[in-house]
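Right, one structure below, let's go through it.
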Amino acid sequence: MVESLERARIDAPGRSNLAPDTNDYWVELDRRHRIQSRHTHPICLTRGEGAWLWDVANNKYLDFESGQICASVGHSNPTYVAAVKEQLDKLVQTGSCYIDATQVRFQEKLASTTGGHFQQSFLACSGSESNEAALRLAKSYTGRSEVVSFMGNYHGHTFGAWSITGFGDKARAGFGPPMPGVTFLPTPYDYVMPGEPRYAYRDESVIAACVRFCEKMLDATTSGKPAAIVVELLQSAAGVRPLPIPFVQAIRRICDERGALMIADEAQTGLGRLGSWWGFEKFEVVPDIVTASKTLGGGAPLSAILVSSRLGQEAVLRGYRQSSSHTGDPLLCAAGLATIEIIENKDLLRNVRTVGGYLKEELQKLCDASPIGGEMRGEGFLLGLELVRSKQSGQPNGEATQLFTDECRKRGLLTGWWPVPYLAANVVRLMPAYTLTMAEAQEALSIVEASLKAVGRTGAV
Ligand code: PMP
């Protein structure tokens, strides 16, 4: 197959000699016609049902990535499909100078999930866009332009979102200067130095020292009064790293003291993935702006910023303006509304907590039994399985991670790990649909067990 891919790269035009019901055929065409700017597995998916996907050759996979962490209520959920089809027949799009009932109903329903904290939203399509909107609102509300972010935060690929993404040269090289006025601070994970004890990032004294250092950095390298501080409460791409709660609370205090808005990017933690409606509930803070995307549309491209009505109204008075051709499209809002209603009616938050808790516990046992298994991090259906060179040092084992995910895929389990520079090299993300059953969880566990056995001591020292 590799040979056929090479050929496809060289002779772009022409027809494939491969049969169209094979993965190789579609991979070859994909190589010809899509700009090859990201890694893809040689699998052509054709349909999905619940937590399952099928490829063109009718191979079946357990999808522990939920599409791209978006298909929260499962693939082709019948209630979701019916709601979207019904809206499709009625109205797909309106000009943004009009309102429509589906959009209003969705925004009302979205507000109802926030425990009374957020009544207003601006809707868009992607996570990057929602972060752009949050920055725009924070800047016009505060009249300031500096923004603070953290090492290991991921916020997207548009200019502002990319500029506040803390992956250094891995994300930066070749794209010119980022947005001015951005400062990065360490989280306790990056504040810990090599050679310090393995789990030092959890120590109260380390967290407190990190907070002091962040405040010192703010005073030394910025005006000290930024427009916003942006957090990813659980840094997913950086290796499923939940920020310690006292650290998040200190950021809240720092924002209050300095008149900055606290923005929480909940692309992954929002709308149920942690087993609560919102991640901020788990981290015991209320941000000023929450950005939501991925999980929000159940697979349809829908994103939002959420604010209190006080902040929303005051921001507009102070000059905040935001528009898009696709803000609040009825079709997308119908998908969002159906997603929230399904989570509610099927009690899926409880399912995420129960099955997620079971999965995490059982996976930790498998990690403990493997010579290269590290710690299980995360919560609900946003779990990270860490592979290490030695249990004592916790040194990352990228070599085993690649092999392990290949072994899982061979056995029919798709994980959220790919070989790209800005994802943690040794943390395999497991993020199934909220509808995952106990039996499906057990099936995944036996694949993980067999794959860990197949990987053996690879990369161990
Ligand atoms: N924020 C976070 C936390 C994300 O994980 C992502 C996507 N991986 C984004 C923002 C960007 O979202 P999108 O790809 O939809 O622009």
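As the structure lists them, so they are numbered: ligands from 1, and atoms in each ligand from 1. Nothing here was measured: the structure is a model prediction, and the numbers come from that model.
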Geometric N/O contact [X] with ligand 1, under 3.5 angstrom:
{"X": "Ala267", "answer": "no"}
{"X": "Glu232", "answer": "no"}
{"X": "Asp265", "answer": "yes"}
{"X": "Glu129", "answer": "no"}

So, does Glu362 use its side chain to make a donor-acceptor pair with the main chain of Leu359 at under 3.5 Å?
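Between the backbone of Leu359 and the side chain of Glu362 there is no qualifying donor-acceptor contact (under 3.5 Å).
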Which is it for Asn131 and ligand 1 at heavy atoms under 4.0 Å: side chain, backbone, both or neither?
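Contact part for Asn131 vs ligand 1: side chain (C-beta onward).
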Measure Gln68 to ligand 1 on non-hydrogen atoms and call it side chain, backbone, both or neither using the 4.0 Å cut-off.
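No part of Gln68 is near ligand 1 at this cut-off.
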Please state which option from Ser130, Gly156, Gly270, Cys70 has its nearest heavy atom closest to atom 11 (C) of ligand 1.
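Looking at heavy atoms only, the winner is Gly156.
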Is atom [atom1] of [X] surrounded by more than 12 heavy atoms (other residues, nucleotides or ligands) closer than 6.0 Å?
{"X": "Ile245", "atom1": "CD1", "result": "yes"}
{"X": "Lys282", "atom1": "NZ", "result": "yes"}
{"X": "Glu49", "atom1": "CD", "result": "no"}

Only heavy atoms of [X], strictly under 4.0 Å: list the atoms of ligand 1 that pass.
{"X": "Ser128", "answer": "11 (C), 12 (O), 13 (P), 16 (O)"}
{"X": "Ser126", "answer": "15 (O), 16 (O)"}
{"X": "Gln268", "answer": "5 (O)"}

Quick one: do the Asp55 and Asn23 side chains pair a donor with an acceptor below 3.5 Å?
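Looking only at side-chain atoms, Asn23 and Asp55 do form a donor-acceptor pair, the distance falling under 3.5 Å.
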Is a donor from one side chain sitting under 3.5 angstrom from an acceptor on the other, for Glu146 and Ser223?
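Note: Glu146 and Ser223 side chains meet the donor-acceptor criterion.
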Angle between ring planes, Tyr154 versus Tyr422, binned at 30° and 60°: parallel, tilted or perpendicular?
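Aromatic pair Tyr154/Tyr422 classed parallel.
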Looking only at protein heavy atoms, identify the closest one to atom 8 (N) of ligand 1 and say how far it is in Å.
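In this structure, atom 8 (N) of ligand 1 has Lys294 CE, 3.2 Å as its nearest protein heavy atom.
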Quick one: nearest non-hydrogen protein atom to atom 15 (O) of ligand 1, plus distance?
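Of the protein heavy atoms, Gly127 N, 2.9 Å lies nearest.
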Side-chain ion pair, Glu344 and Lys109, N-O less than 4.0 Å:
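Judged by the 4.0 Å cut-off on N to carboxylate O distance, Glu344 and Lys109 do form a salt bridge.
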